[in-house]
Structures are given as C-alpha cells and as structure tokens.
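As the structure is a prediction and not an experimental result, all values here were calculated from the model. Labels below follow one simple rule: chain letters A, B, ... track the order of the sequence lines, proteins then strands, and each chain is numbered from 1.
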Amino acid sequence: MSFELPKLPYAYTALEPYIDARTMEIHHTKHHGGYTANLNNALQGSAWEGRSIEEILQSAGAISPAVRNNGGGFYNHNLYWEILTPGGSREPEGVLLDAIRESFGSVAALKEAFTKAAVTRFGSGWAWLLLHDNKLVVSSTPNQDNPLMDVAEVKGKPILGIDVWEHAYYLNYQNRRPDYVEAFWNLINWDEVAGKLKG
Amino acid sequence: MAFSLPALPYAMDALEPYISAATLGFHHGKHHQAYVNNVNNLIQGTPFEQATLEEIILKSDGGIFNNGAQVFNHTFYFEQFSPEGCREPKGALKEAIERDFGSTEEFTAQFNKAAATLFGSGWAWLVINPEGKLEIVQTSNAGCPLRDGKKPLLTCDVWEHAYYLDKQNLRPRYIEDFWKVIDWKIISERYDTLIK
Ligand SMILES: [Fe+2]
Ligand SMILES: [Fe+2]
C-alpha cells in the first residue's frame, strides 16, 4: 500500500486573496506531491512499509531521515489543507472553545501565542496547536517534524498547524511572514479543528 | 558595535536572468537588512555589544548567533557574484580542487548534490578544513563553517527566499544558474589570502 496525495476539498483559487492560487497549486502538486512520492520511494522494501503514517512518525527517531522528512511533509500538509476552508468557518465553540479558554484564557490569547510561535520559528518549520497531557498547548517544530514524533520537544496530537516554510507564502508575501500568519486566521475551519480534538 | 548592511557590489539587475532584480531586492534589502537590524538590537546590553561578527559566530547562541551568522553568510554570498566574471576555477585554487575532488566536474557534482539535498533552510559551502584540504559542507538555517574551524571560500544560500520568486520549487535550476554568476576570480582571491 502506498500513500496518496489527497485532492483538495476546494479550488486553488478558493483561499484568495489570503493565499493565492499559484501558491496553492505549486504547494499542493509540487511540494506535497514531492513529499508523497519521496515517502513512498523511501518506504519501498523497508520494515515500515504498510504501517500507518502516525505509527511511522511516532518512531521518527528510529527511521531514516528520508522517511522522517517526507513522512512529516506528507502528514503535515494533509493536516494543513484540512484545517483551511474558504472564508473560514465560525469561531471556535462548544468543547473546543472550553478547552481553549481553559488553556489560554481566550481565543485571542490562543491566537497571540500561536502567532508568536509561527513568526519566531527560525528557518523552515511549523507552528502547532496540540493536545498534550489533556491540555491544549502551542509549539513549533523545525522542517517537517511534528508533535506526533518521538523526537519532538513538545509531544501530542496536533489539531491546528501552520506551514511557515517560505514556499507557503513567498510568492504572495515575500519576507513578510507576519502578514501571512495574520491572513491565515481568516481561513480556519474551526469545525475541522474541533473534530480533530474529539477524534 | 553596530553592524551595517554592505551595499551590493553590482546593480540590482546585474545578475539577470540568472538571479532576478526582484529576488536580489528582497534578499538584500529585506532579508539581509533584517538580520543586520536584529543582531544590532539583540546585542545591546549583552557581552556581545562590542564583538566582531566572527566573535559572535564563534561564541554566541540563539537569536544573536542566528542573526549575526546570517549577516556574515549573506555578505559572503553577495560578494562572490559578478555579471562579467571568471566562470571557472583557475590557478592554485583549481589545482587544489583537482587534488581534493579529482576534477572541477566532480567538485561541481558534489557541491550541487550538497546544495540540492540540504533539507529545509540552509547553506552549502566550499571550505578549507583545519588540515588545509578543500571540503564541501552543508549547514542548516544560519549555520556557518567558521563555527567549526573551517574557512569558507564559496557558498550557496538554499533558503527558499534565495530562489522562490524565480524558480519556485525547482531548487536544482537555481543551483545551475548560480554557477553562471559566480566569479571564480573572487573565490581564488579568497583562497590565495587564506593559504598565505
Ligand atoms: Fe509546505
Ligand atoms: Fe538568504
């Protein structure tokens, strides 16, 4: 069994003006597509072939750099496309809102902490909202690492993530990463985030 | 001491079509400038306030290292290009490349591989190691070979900002074009100065 590049549940133009169609198409077909193909190649004939992506990533410290990097790239981009939606969905509510308030005090405080993690991650990487010891926390990881990995500084289940590799925003925002992170908040599918918290 | 952004030694459009004026404009005017501003702000009130860039690279960590090393790395990168230059190694450096890599072609192939395969943001370098031999190394993010006692001769910035406006995901095409604006006269002068 090999991993497949998922189709996006919206058009490449759907996230404009916050994320432009050209960025979306290259990001999905070339970058995500590349990680998917490279992951399948790296797994071929290895002991990890046929395992779930979560199982593979949980053993990141023991797998080859090719599987760690491309497996992370495959998983992280899946999550990123899932938690985005054209125009965003309504603000967090219900169990998710309660959990955010308990951990951060307010949605505004969560956004502030997450934005800071996304803006200050040096080099390529991701910022995350994750469930860690039954509490929501914010973290960031380098390159294509993520909180599922045994090598992550803060481990847990990611429910929201932002790609801060320059390829995620350079065509539209160039050096202005903070503008991209600010725009990201207009696109969040909070229903999907709530679903990941439950599931 | 406060660092300042060195001016580019050529016009913004001088490296076209290989590196566009738009790329150079952001790379020098925004990225390099931001590293200069950041390190100047961060060293205030620290033991590095009067330090040279080399001292910062050797001894600091965290934000001071990241921004200080990026100031050095980018100055070193921008200074090695010229629109009309020598496009092949010559003289003592050419001999050293043949001695340590077999041939210029073999060196180029190994350097290209190092630049293409560095995962994430970082740099590929040709350096003189402490034994006096030439070596190719990769560094992540702001990493700089001076930190490991190696003397840099040539570097390729493979942060996506170095090529994304021009080449998008096609890093190997950027590396191919990088060679078309490298001035080996400058690299040779660096080598001759270091081995004296
Ligand atoms: Fe990405
Ligand atoms: Fe750069």
Subject >> Under 4.5 Å from a heavy atom of chain A, the part of Ala34(B) involved >> reply: neither

Subject >> Gln33(B), His161(B), Lys30(B), His27(B) screened by side chain to side chain contact (heavy atoms under 4.5 Å, CB included) with Asn175(A), the one that passes >> reply: Lys30(B)

Original post:
Any chain of hydrophobic side-chain contacts (each under 4.5 Å) joining Ile43(B) to Leu58(B)?
Top reply: no

**OP:** Check step by step if side-chain contact (heavy atoms from CB on, under 4.5 Å) holds for Tyr164(B) and Glu166(A).
**Re:** CA-CA 8 Å; Tyr164(B) 214 78; Glu166(A) 288 170 324; 6.0 Å; no

Original post:
Considering only heavy atoms, which portion of His31(A) lies under 4.5 Å from any heavy atom of chain B: side chain, backbone, both, or neither?
Top reply: side chain

Original post:
Is it the case that one hydrophobic cluster holds both Leu170(B) and Leu171(A), taking links as side-chain heavy atoms less than 4.5 Å apart, direct or via other members?
Top reply: no

Original post:
Would you find more than 12 non-hydrogen atoms of other residues, nucleotides or ligands less than 6.0 Å from Glu16(A) atom CD?
Top reply: yes

Original post:
Within a reach of under 6.0 Å around NZ of Lys155(A), are more than 12 heavy atoms found that belong to other residues, nucleotides or ligands?
Top reply: yes

Subject >> Residues of residues 123-132 of chain A with any heavy atom under 4.5 Å of a heavy atom in chain B >> reply: Gly123(A), Ser124(A)

Original post:
Are Tyr18(B) and Ile186(B) joined in one hydrophobic group, where the rule is that I, L, V, M, F, W and Y side chains link up if heavy atoms are under 4.5 Å apart?
Top reply: no

**OP:** Is it possible for you to say whether Leu187(A) and Trp81(A) belong to one hydrophobic cluster, with membership spreading through side-chain heavy-atom contacts below 4.5 Å?
**Re:** yes

**OP:** Return yes when atom CD of Glu182(A) has more than 12 non-hydrogen atoms of other residues, nucleotides or ligands closer than 6.0 Å, and no otherwise.
**Re:** no

Subject >> ring pair (Phe, Tyr, Trp, His ring centres under 6.0 Å) partner of Trp159(B), the single match among Trp165(A), Tyr170(A), Phe122(A) >> reply: Phe122(A)

Original post:
Can you hop from Ile195(B) to Phe76(B) via hydrophobic side chains spaced under 4.5 Å?
Top reply: yes

Subject >> Pairwise distance CG(Asn69(A)) to OG1(Thr117(B)) - rounded to 0.5 angstrom >> reply: 11.0 Å

**OP:** Name the region of Gln70(B), side chain, backbone, both or neither, that has any atom closer than 4.5 Å to a heavy atom of chain A.
**Re:** side chain

Original post:
Are there more than 12 heavy atoms of other residues, nucleotides or ligands under 6.0 Å from atom CZ of Arg99(B)?
Top reply: yes

